[in-house]
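Throughout, residue positions are numbered sequentially from 1 according to the sequence presented.
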Amino acid sequence: MSKSFRAFGLAVSAVVLTHLPAAAQTKVTNEGISASEIVIGTHQDLSGPIKGWGVPVANGMKMATEEINASGGINGRKIRLVVEDSGYDPKKAVLASQKLIERDKIFAMVGPMGSPTVLAAQDILFDAGVMQLFPLTAAEFTFKFDPAKPQERLKFNNLLPYVESTRAALKYMMEWKGFKKPCIMHQDDEYGKNVLDGFNQQLTAMKVQPASITSYKRGASDFSAQIAKMKSDGCDLVLLGTVLRETIGAMTEAKKLGWDVTFLGATPTNVMEVPMLGKEAVEGLYAASGFEIPYEDTAKGKVKDWLVNYKKMFGTDANTQAIIGYNAVMTFAFYANKAGKDLTGQKMLDALESGDKFLDIFNSPPTKFSKTDHLANTITQVQQVKGGRWVLVKDNLMF
């Protein structure tokens, strides 16, 4: 995290913790905990426009749950994971969250999917005292504190934030390649707004004017108007605030127009399916990322074993999304173990804020939270599609 941003967060959070009246303490649920199990829930897009994310994330979560339970669980308790389908629809995400709270009595919401869906449902969780842990969105609302809302202490994010990762990758590309006319195409929701904010903030810092700013509605499949506009505006670098199929669609349209321009994707574009499905159309794409994507033919040790086991369990290759889902449950288990045998919501919250580091098997930056900072990491990489797979271009970037 940038020093100025972290300093601001520390100051604001310190005010939150030291000046809240006694009656405004954070309420944390103890639901979902029994002598034999811990119930956690999640909502994923299993049927909608980003099911290419939701399905492998759910698979990774299931794999982690089975591994943890097979090894004895968490201080003798097994995890029971309840997965609901939101279809990437905010209304469905709200209904799914209500069901998980009221009927399933979940202890925590772990790894819920998507910026608009998580945003729509998170206040329902907080009102019930349910922790929102490691959502599959890096939007700022998932980790920033509102001093007027002590229940927001219940949210923790272990992903690379969109604003800062966008700024770091854009700064690197602008300085490395000497681009003068950057532009952006972004999704018209909370995720896209965060990418746009990163774009605008970095260009302002570099005293560069955007050549073009265009958006599309979530779920769109035709990007001809946006690509034609950016080409007409003379863009030399296109930042994509897109997900999977939109990334491929935009670059395919550029190829049709014979437009040879450099594309840089936000972190959700950095998935195996983009080069696998996009093929030649996405060759050369750059993207911001948080960790190197492992491939089975080059992986070693625990990562190699994990990739093999995933394929045996689900009949398909593991991907970025599966790793993120797996890590969400493994991170939950790490801190639940730290909370001790007499697990309560408050003890889980204390464990999360203890400063203890969780290290995954994939060589990701360590996950570490404190009472004043519920965002784990801001160190950015840039990767590129070469020969049909992602390769590392630059590591350890910050804006």
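Minimum interatomic distance between Arg245 and Pro49 (heavy atoms only, all atoms of both residues): NH2-CB, 3.5 Å. For Lys229 against Ser212, the heavy-atom pair with the smallest separation is NZ-OG, 3.1 Å. Residues Leu349 and Met131 share a closest heavy-atom pair of N-SD, 4.4 Å. Residue Ala318 comes nearest to Leu307 through the heavy atom pair CB-CD2, 3.7 Å, listed as atom of the first residue, atom of the second, then distance. Heavy-atom minimum distance, Gln226 versus Thr214: CG-OG1, 3.2 Å. Contact detail for Ala120 and Val94: the closest heavy-atom pair is O-CG2, 3.5 Å.
Leu375 and Phe134 sit in two unconnected hydrophobic clusters of ILVMFWY residues. Membership requires side-chain heavy atoms under 4.5 Å apart, directly or through other members. Taken together through direct or relayed side-chain contacts under 4.5 Å among Ile, Leu, Val, Met, Phe, Trp and Tyr, Val82 and Met113 form part of one hydrophobic cluster. The hydrophobic cluster containing Phe145 does not contain Phe141, counting ILVMFWY residues as joined when their side-chain heavy atoms lie under 4.5 angstrom apart, directly or transitively. Under the 4.5 Å side-chain heavy-atom criterion for Ile, Leu, Val, Met, Phe, Trp and Tyr, Met276 and Leu240 are members of the same hydrophobic cluster. Side-chain heavy atoms closer than 4.5 Å link hydrophobic residues (I, L, V, M, F, W, Y) into clusters, and following such links, possibly through other members, connects Ile40 to Val83.
Between the side chain of Ser71 and the main chain of Glu67, a donor-acceptor pair closer than 3.5 Å is present. Looking at Ser354, its side chain does come within 3.5 Å of a backbone N or O of Ala351 through a donor-acceptor pair. Between the side chain of Glu283 and the backbone N or O of Gly387, at least one donor-acceptor pair lies under 3.5 Å. The backbone N or O of Lys27 sits less than 3.5 Å from a side-chain atom of Gln151, completing a donor-acceptor pair. Between the side chain of Asn30 and the backbone N or O of Thr344 there is no donor-acceptor pair closer than 3.5 Å. Looking at Lys155, its side chain never comes within 3.5 Å of a backbone N or O of Pro135 through a donor-acceptor pair. Side chain of Gln384 to main chain of Gly284: a donor-acceptor pair is present (N/O by atom type, distance under 3.5 Å, no hydrogens or angles). Panel note: side chain Asp222, backbone Ser224; a donor-acceptor pair is recorded below 3.5 Å. Without hydrogens or angle criteria, Thr29 side chain to Phe107 main chain gives no donor-acceptor distance under 3.5 Å. At distances below 3.5 Å, not a single donor-acceptor pair connects side-chain atoms of Asn158 with backbone N or O atoms of Ala376.
Atoms OG1 and CD1, on Thr298 and Ile293 in that order, are 11.0 Å from each other to the nearest 0.5 Å. Summarising the geometry, atom OG1 belonging to Thr367 is positioned 11.0 Å from atom NZ belonging to Lys357; distances are rounded to the nearest 0.5 Å. Considering CG of Asn396 and CD of Gln381, their distance stands at 8.0 Å, rounded to 0.5 Å. A distance of 13.5 Å separates CE in Met173 from CD in Gln202, rounded to the nearest 0.5 Å. Of the inter-residue distances, the one linking Ile361 atom CD1 with Asp305 atom CG reads 8.5 Å to the nearest 0.5 angstrom. Atom-to-atom distance recorded for Ser86:OG and Gln44:CD is 7.5 Å, nearest 0.5 angstrom.
Tyr162 and Tyr191 have their aromatic ring centers within a separation under 6.0 angstrom. A ring-centre distance under 6.0 Å is not found for Tyr88 and Trp53. Not less than 6.0 angstrom separates the ring centroid of Tyr335 from the ring centroid of Phe358.
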### Task
Kindly determine whether Glu66 and Asn309 satisfy side chain to side chain contact (heavy atoms under 4.5 Å, CB included), including the steps that lead there.
CA-CA 12 Å; Glu66 289 196 17; Asn309 290 337; over 6 Å; no

### Query
Please walk me through it: do Val39 and Lys105 pass side chain to side chain contact (heavy atoms under 4.5 Å, CB included)?
CA-CA 7 Å; Val39 184; Lys105 307 294 184 182; over 6 Å; no

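Residues in residues 111-133 take part in no salt bridge (Lys or Arg N to Asp or Glu O under 4.0 Å) pair, two or more places apart or across chains. The salt bridge (Lys or Arg N to Asp or Glu O under 4.0 Å) analysis of residues 185-201, with sequence neighbours excluded, yields the pairs Asp188-Lys217, Asp189-Arg218, Lys193-Asp197.
Surrounding NZ of Lys231 are more than 12 heavy atoms belonging to other residues, nucleotides or ligands, all under 6.0 Å away. For Glu175, the CD atom sits in a packed shell: over 12 heavy atoms of surrounding residues, nucleotides or ligands are nearer than 6.0 Å. Other residues, nucleotides and ligands contribute more than 12 heavy atoms inside 6.0 Å of the CG atom of Asp297. Heavy-atom neighbours of Lys99 NZ from other residues, nucleotides or ligands within 6.0 Å: above the threshold of 12. More than 12 non-hydrogen atoms from other residues, nucleotides or ligands lie less than 6.0 angstrom from CD of Gln98.
By the 4.0 Å N-to-carboxylate-O rule, Arg153 lies close enough to Glu353 to be salt-bridged with it. Between Lys347 and Asp342, at least one side-chain N (NZ, or NE/NH1/NH2) sits under 4.0 Å from a carboxylate O, which counts as a salt bridge.
A 4.5 Å side-chain heavy-atom check between Leu237 and Lys177 finds every atom pair outside the cut-off. Contact check for Glu31 versus Ile106: no side-chain heavy atoms found under the 4.5 Å cut-off. Taking the side chain as every heavy atom from C-beta outward, Met272 and Asp317 never approach each other to under 4.5 Å. Looking at Leu154 and Val130, their side chains never come closer than 4.5 Å, going by heavy atoms from C-beta outward. No side-chain heavy atom of Met330 sits less than 4.5 Å from a side-chain heavy atom of Asp360. Using a 4.5 Å heavy-atom threshold, the side chains of Asn377 and Leu160 count as touching. Between Trp390 and Thr320, every side-chain heavy-atom pair lies at or beyond the 4.5 Å cut-off. Contact of the Val57 side chain with the Thr42 side chain is not registered, since no non-hydrogen atoms from C-beta on lie closer than 4.5 Å.
For the residue pair Asp85 / Ser47, a side-chain donor-acceptor distance below 3.5 Å is found, with atom types taken as modelled. No side-chain donor from either of Gln383 and Tyr286 sits under 3.5 Å from a side-chain acceptor of the other. Defined by atom type and a distance below 3.5 Å, a donor-acceptor pair is missing between the side-chain atoms of Thr380 and Ser165.
Classification of the Phe156-His374 ring pair by plane angle, with boundaries at 30° and 60°, yields parallel. Between Tyr310 and Phe314, the angle of the ring planes lies from 30° to 60°, which puts this pair in the tilted group. Relative orientation of the Trp306 and Phe362 rings is perpendicular, given thresholds of 30° and 60° on the angle between their planes.
Leu343 pairs with exactly one of Ile38, Asn75, Ile74 by the side chain to side chain contact (heavy atoms under 4.5 Å, CB included) rule, that one being Ile38. Each of Arg77, Lys78, Arg80 was checked for a side chain to side chain donor-acceptor pair (under 3.5 Å) with Glu37, and the lone residue meeting it is Arg80.
Residues meeting the side chain to side chain donor-acceptor pair (under 3.5 Å) test with Gln321, sequence neighbours left out: Glu273, Asn319.
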